[in-house]
K.L.:
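Supplied in structure tokens, the structure appears directly below.
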Amino acid sequence: MREILILGRGGQGAQTAGNQLAQAFFAKGQYVQTFATYGGARRGTPVTSSIRADDQPIRQRNNISCATALLCFDDSLLDQNFLKLANKDTVIVVNSKQPQASFAGLGDYNILAVDGKDIARRNNMGKVVNSALLGALVAAMQNPDIDTMCAVIEQSAPAKKQENVAACREAFQRVTDAEQGNQSNG
Amino acid sequence: MNALSSNKDLQLLNGNHAVAMGVKLANPHFAPLYPITPQTPILEKLIALQSAGELETELLTPESEHSAMASAIAASATGVRVFTATSSQGLLLMHELLHFAAGARTPIVMFNVNRTPASPWGFWPDQIDSLSQRDTGWVQLYSENPQESLDTVIQAFRIAEAAQMPVMVNHDAFYVSHAVEPVEVPAQETVDTFLPAYKAGLHLDPELGRSLGAPIDQKSWNESRQQMAAAMATVGDLTASAGQDWGDLTGRSYGPLEQYRTDGADVVFVTMGSMCGTVREAVDGLRARGIAAGLLKIRLFRPLPQVELRKALADVPCAIVLDRNYSPGVGGVVHQELKAALFDMANAPRLHGLLAGVGGVNVSAEMIERLAVEYRDAVASPDPVWVEE
């Protein structure tokens, strides 16, 4: 079973991103479960969205204690409290303009920094980063495929459908290129 | 919600939206609703369905839950099908009128999302809000997942209208209310076959000039409770037949209780609501390790199916109640109820009462497996035990 956590601040779209990611896995024929928990649904407070995807019906109803992947909408939230839900195999994507190396001090984790805000701005999305971050996450997880992810975004985005899709694809490409670069360098 | 789906018969719905879809199919005449986290998506979805012209129900949004229940009682007394929904503080504000609704024999169906009551303020899954209403005369059912919530709200109308008793269906905050999962929404014809239009017997009608709930003498009040007792005595069978008939139509059967892998079990977990799903995982994990574990899920809590509980737990060496609720000074409510139900039974299990998940703290399958190992041979304490990860 794949278990994914998305951490953001209320109003950033973490819950929407969780629903869209679940829809993409569902469209690929997987059973899914996604739920959000929040302390009081106020803008700015931390919000967690949990996603499970599996070939089998999902029965357990509890928190994810060790995630396959983590997506963090705000680098100020990426601390040891969140990282204790990860291990060294967890794919971690963080929205940050900081260089990759600045996260090395957090420990032995597989952290990928993506400047979602820059990608959003370049695609006329202002500060709305969720589609860009989903593109980065599916690239890092190599699942589900980018066309399915974009089709879900196009169907469910309330406005700026093409801009959302373009931001998702650009982030996907950046991460894919960076990982290919790492492989050829490494 | 998802036209991309390769699973043609399934839609991705959260538990609350699944309830709203069930309500739409049951087609109540009237639904007064007041918003409260985490129930609000039920109200929002019903309003959206009505705005889209897909719901005929007359919706009313009064100024409080107390008024919502008052109008539900009044409408139901005129002989129409009525639905409402609430959670936690809202349910507690209704308390006075919950007694009234049951005493007036108004077959209202209410969905309650189980949430911690204040103080302190919280939004977490915990069943003490509805369990503390157990003496009001409402039938209570507990649902494990969004599909069961949809299926159960439809069955609840049939049970309520047949017994002439109000029915409260409950599911846990977030783990069910906000969990988006694949859900099969049955066809309208299927629901119409299962649940014909409501034809009320004795009811209020301005043409007839009847009254309801007028002051009566002691004996008549006493008799009203005996009549409620007789009605409650029919609910177990009504729940079983509704669940069976629903299964014949949809392939998903339900009953007052469900036993999962209890054959030859040395240790049986007893619980309600969303935790049942996690226990299923733990039971499979324990069985794979050679520990004969099982689950006894209580779906119908009021009236408590005492005879069936005694039968299900006869000769089981050890039973562990997982209570996601706490009655201060006593313990877990399900533990207390089960102790009473099993009283004086020669072949009763050692019964452990564990307070697990109170206030919505996490209960994982790994933790449940650990509890089975820890408690299955232990001497049972009459007192509840707080357990945590």
Side-chain angles (χ1 to χ4, degrees), chain A residues 1 3-6 10 14-42 45 47-66 84-85 144-145 147-156, chain B residues 1-8 10-16 37-38 40-41 121-125 143-147 171-183 260 273-285 295 324 356-357 360-368 389:
Chain A
M1 179 159 51
E3 295 188 293
I4 303 156
L5 283 169
I6 302 180
Q15 194 176 345
T16 303
N19 287 344
Q20 289 172 326
L21 186 60
Q23 281 186 54
F25 280 114
F26 181 59
K28 299 303 288 181
Q30 295 244 293
Y31 288 93
V32 295
Q33 177 193 73
T34 177
F35 59 93
T37 52
Y38 44 83
R42 299 183 303 278
T45 54
V47 174
T48 306
S49 177
S50 306
I51 303 103
R52 292 188 168 104
D54 200 1
D55 297 330
Q56 303 296 318
I58 295 160
R59 302 182 297 182
Q60 67 197 82
R61 284 157 215 289
N62 57 344
N63 301 341
I64 291 171
S65 52
C66 187
K84 73 182 178 199
L85 303 171
D145 65 90
D147 290 338
T148 304
M149 193 66 253
C150 287
V152 169
I153 289 172
E154 186 170 3
Q155 186 197 31
S156 56
Chain B
M1 189 170 169
N2 192 342
L4 292 168
S5 168
S6 52
N7 307 306
K8 292 280 182 230
L10 298 171
Q11 299 181 33
L12 284 184
L13 293 173
N14 69 39
N16 281 349
T37 301
T40 306
W121 212 243
F123 302 87
W124 313 119
S143 163
E144 178 180 342
N145 58 51
Q147 181 73 65
H171 67 198
D172 287 330
F174 298 114
Y175 289 140
V176 185
S177 70
H178 284 57
V180 176
E181 295 187 4
V183 173
Y260 177 72
S274 66
M275 207 183 294
C276 294
T278 313
V279 173
R280 289 176 205 274
E281 289 291 324
V283 164
D284 288 358
L295 162 69
R324 195 189 277 283
V361 296
N362 194 39
V363 178
S364 65
E366 295 74 26
M367 173 180 167
I368 294 167
E389 281 203 294

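In what follows, chains carry the letters A, B, and so on, assigned in the order in which the sequence lines appear, proteins first and then strands, with residues in each chain numbered from 1.
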K.L.:
If you compare all heavy atoms of A:Phe35 against all heavy atoms of B:Phe174, which two are closest, and at what distance to 0.1 Å?
P.N.:
CB-O, 3.8 Å
K.L.:
If you take all heavy atoms of B:Ser274 and A:Arg61, which pair is closest and at what distance?
P.N.:
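The pair with the smallest heavy-atom distance is O-CD, 3.6 Å.
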K.L.:
What pair of heavy atoms forms the shortest contact from B:Pro182 to A:Tyr31, and how long is it?
P.N.:
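Residues B:Pro182 and A:Tyr31, closest heavy atoms: CG-CD2, 4.4 Å.
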K.L.:
To the nearest 0.5 Å, what is the distance between OG on A:Ser65 and CE on B:Met367?
P.N.:
12.5 Å
K.L.:
Which region of B:Pro125, side chain (C-beta onward) or backbone (N, CA, C, O), has a non-hydrogen atom less than 4.5 Å from a non-hydrogen atom of chain A, or is it both or neither?
P.N.:
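When you check distances to chain A, no heavy atom of B:Pro125 falls under 4.5 Å.
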K.L.:
Under a 4.5 Å heavy-atom cutoff, which of A:Arg52, A:Arg59, A:Gln33 has the most pairs with chain B?
P.N.:
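With the most close heavy-atom pairs to chain B, the winner is A:Arg59.
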K.L.:
Just by modelled atom types, is the B:Asn362 backbone N or O under 3.5 Å from a matching donor or acceptor in the A:Asn63 side chain?
P.N.:
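Answer holds: no.
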K.L.:
Could you measure the distance from the CG atom of A:Asn62 to the CD atom of B:Glu281? Nearest 0.5 Å is fine.
P.N.:
9.0 Å
K.L.:
When rounded to the nearest 0.5 angstrom, what is the spacing between OG1 in A:Thr34 and CD in B:Glu181?
P.N.:
9.5 Å
